[in-house]
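Down below is the structure, laid out as structure tokens.
In what follows, chains are A, B, ... by sequence order, proteins preceding strands, each numbered from 1. Values in this document were obtained by computation on a predicted structure and should not be read as measured data.
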Amino acid sequence: MTRLTEYLLPTEKQAPADAEAISHKLMVRAGLIRQMGAGMWTWLPAGWRVHQRVVRIVREEIDAIGGREMLMPVLQPAEPWRKTGRLDIEELFKLHDRKGADLVLAMTHEEAVTFHAAQTIDSYRDLPLILYHFQVKERDEPRPRAGVLRTREFVMKDSYSFDRDQAGLEERYALHVGAYDRIMERTGLRFYRVESDVGMMGGLGAHEYMAPCPAGEDRVALGDGYAANVEVARHDPHVRHLGEGTAQETWTRDGQALTLEPAIEIGNIFKLGTRYSEPLGATYLDEHGSELPIWMGSYGIGPARVVAAAVEQFADEHGISWPPALAPFAVHLVAIGRPGTPERDAAEALYAKLIEAGVDVLYDDREAGAGEKFADAELLGCPLRLTVGRKSVESGEAEVQIRRDRLQAPGVALDSEPQALKRAIEELCAG
RNA sequence: CGGGGCGUGGCGCAGCCUGGUAGCGCACCUGCUUUGGGAGCAGGGGGUCGCCGGUUCAAAUCCGGCCGCCCCGACCA
């Protein structure tokens with residue numbers, strides 16, 4: 001499927017001098033992303049594959065709760081933002097077209113989706129409904145940082161639920177909790193669902209999905225059966241903090257010690273209520289002909305942050321070590337020996353067989369030394385590395401290394417049938 | 001937005017204090033050798049030194065202004 005000689009994977013031995021966060025350094029070094037400006041990043045082919053793995057998982061789970069995928073524009077008229085009172089948010093990019101009309105670049109899509117709900121939802125018969133899209137968000141961040149962790153432009157999956165009343169909203173919200181839990185579990189990340197502030201989004205309740213990692217900008221307070229954003233814990237009457245701001249800072253909840261961990265916010269879900277439907281006139285008629293505001297929820301997840309969190313959580317001194325569900329390729333096949341040798345022929349044959357078996361494989365067919373190829377493979381972090389060299393020709397097996405902990409696994413026979421090969425690889429990936 | 005730092009080839013850096021026509025490692029190109037843990041030898045290409053202005057016979061280097069980028073904090077809908 002992919003030969004390295006026909007690919008763009010610009011790996012670097014040295015990280016950019018100004019990179020601080022692990023994910024920033026490794027994603028650049030592994031050839032996944034490149035920077036254009038502050039908070040403006042390009043996803044290179046291998047990086048985009050990882051991003052799209054997350055997107056696929058999210059899409060499957062949102063579809064599974066009845067979400068309907070669509071696409072709304074980033075460039076929008078300012079008027080709905082004026083109506084919801086969000087036009088004067090500093091992070092909102094404002095601009096004018098050639099006629100002088102006020103436009104904005106959307107930082108999220110409540111205004112757009114509610115605008116359309118007002119146009120298209122008329123009756124209680126149209127409810128409930130879940131709409132979603134994957135779309136770029138633009139935010140004039142005061143301080144972009146840490147590579148792809150906090151950018152001015154990023155893709156978000158945002159879904160919006162529409163119900164006739166609060167009970168309906170609670171149902172749609174619960175569906176999203178389930179979907180988000182499954183998404184996080186499928187990615188393989190360590191995560192917590194925590195209660196969060198509703199912030200200026202307004203509304204009736206909210207949760208955040210937090211992935212603990214060193215580069216995290218937030219902190220979560222964790223106890224037995226308890227997990228909360230520190231901002232929420234701070235206002236919890238059950239929580240006491242002792243020695244705040246000092247090295248001995250300890251938090252307790254009903255006497256039980258809490259640990260504080262830095263974490264990245266990778267998803268958030270809000271019960272909006274009628275915060276947006278009222279100013280934008282999104283109403284429906286009930287069975288009695290009464291006009292009532294639609295009850296809404298909004299649910300976001302940032303694939304880029306999921307990717308960065310995965311890098312942060314599983315990296316080691318050799319590079320990235322992807323959870324199998326997110327890896328750009330399942331198998332990194334390393335050919336040792338120059339073209340024309342029996343070992344290279346064996347590698348080519350194995351590559352062809354892997355493709356036939358439907359395995360996602362990156363084939364390092366470059367004319368480079370073994371050390372360089374191994375180092376690049378460990379930097380990129382695919383779950384399995386298969387090596388074919390002179391030894392393989394003698395033993396009849398490709399050597400297998402499991403990236404996580406760099407474990408040596410039993411080799412796979414070069415003369416395996418494609419389907420047997422695929423099964424063996426899936427078993428090795430599964431752990 | 002406050003504080004700190006940095007802009008010299010794709011990446012990492014030296015040179016700047018003490019002005020004299022740009023250098024190192026990696027990467028890249030060609031050839032030969034090499035091929036199981038980031039190879040060796042030889043040859044080669046690529047940089048208006050962030051931008052503008054000033055001082056000077058002469059500016060990467062000194063002076064002024066601007067721009068960009070990073071880190072800490074504030075912020076984070």
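- With distances taken from any side-chain atom of A:A370 to the nucleotides B:G37, B:U34, B:C76, the minimum falls on B:G37.
- Checked by distance alone, A:D18 brings no side-chain donor or acceptor within 3.5 Å of a matching partner on the base of B:G5.
- As a whole-Å value, the separation of A:I336 CD1 from B:G37 P is 8 Å.
- A salt bridge links A:E348 with A:R3: the distance from a Lys NZ or Arg NE/NH1/NH2 to an Asp or Glu carboxylate oxygen falls below 4.0 Å.
- Taking atom CZ of residue A:R143 and atom C1' of nucleotide B:C72, one finds them 6 Å apart after rounding to whole Å.
- Summarising the base pairing, B:U18 is matched to no nucleotide, lacking a Watson-Crick or G-U wobble pair whose two defining distances lie under 3.5 Å.
- In this structure, B:C41 forms a base pair with B:G31, meeting either the Watson-Crick or the G-U wobble geometry with both donor-acceptor distances under 3.5 Å.
- Here B:G12 is the nucleotide among B:G10, B:G37, B:G12 with the atom lying nearest to any side-chain atom of A:A17.
- Cation-pi geometry between A:R164 and A:Y284 is not met: the NZ or CZ atom fails to fall both under 6.0 Å from the ring centre and inside 45° of the normal.
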Mind listing the N/O atom pairs, protein and nucleotides 22-31 of chain B, below 3.5 Å?
unit_1, atom_1, unit_2, atom_2, d
B:G25, N2, A:Q14, OE1, 3.3

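- Under 3.5 Å, the side chain of A:E343 and the base of B:G36 form no donor-acceptor pair of N or O atoms.
- Taking only side-chain nitrogens and oxygens, A:R150 never comes nearer than 4.0 Å to OP1 or OP2 of B:C75.
- Here, B:A22 and B:A27 have their P atoms 25 Å apart, quoted to the whole Å.
- Salt-bridge check for A:K137 with A:D158: passed, with a basic side-chain N closer than 4.0 Å to an acidic carboxylate O.
- Other residues, nucleotides and ligands contribute only 12 or fewer heavy atoms inside 6.0 Å of the CZ atom of A:R390.
- As the counterpart of B:A74, no nucleotide is assigned, since no Watson-Crick or G-U wobble pattern has both distances under 3.5 Å.
- Closest to the side chain of A:E20, out of B:G12, B:C71, B:G37, is B:C71.
- A salt bridge is absent between A:E153 and A:R139; no separation between the charged side-chain nitrogens and carboxylate oxygens falls under 4.0 Å.
- A salt bridge is absent between A:R82 and A:D88; no separation between the charged side-chain nitrogens and carboxylate oxygens falls under 4.0 Å.
- We find that A:R406 and A:E378 are joined by a salt bridge, their nearest charged nitrogen and carboxylate oxygen being less than 4.0 Å apart.
- Side-chain to base pairing of A:R145 with B:G73: no donor and acceptor N or O lie closer than 3.5 Å to each other.
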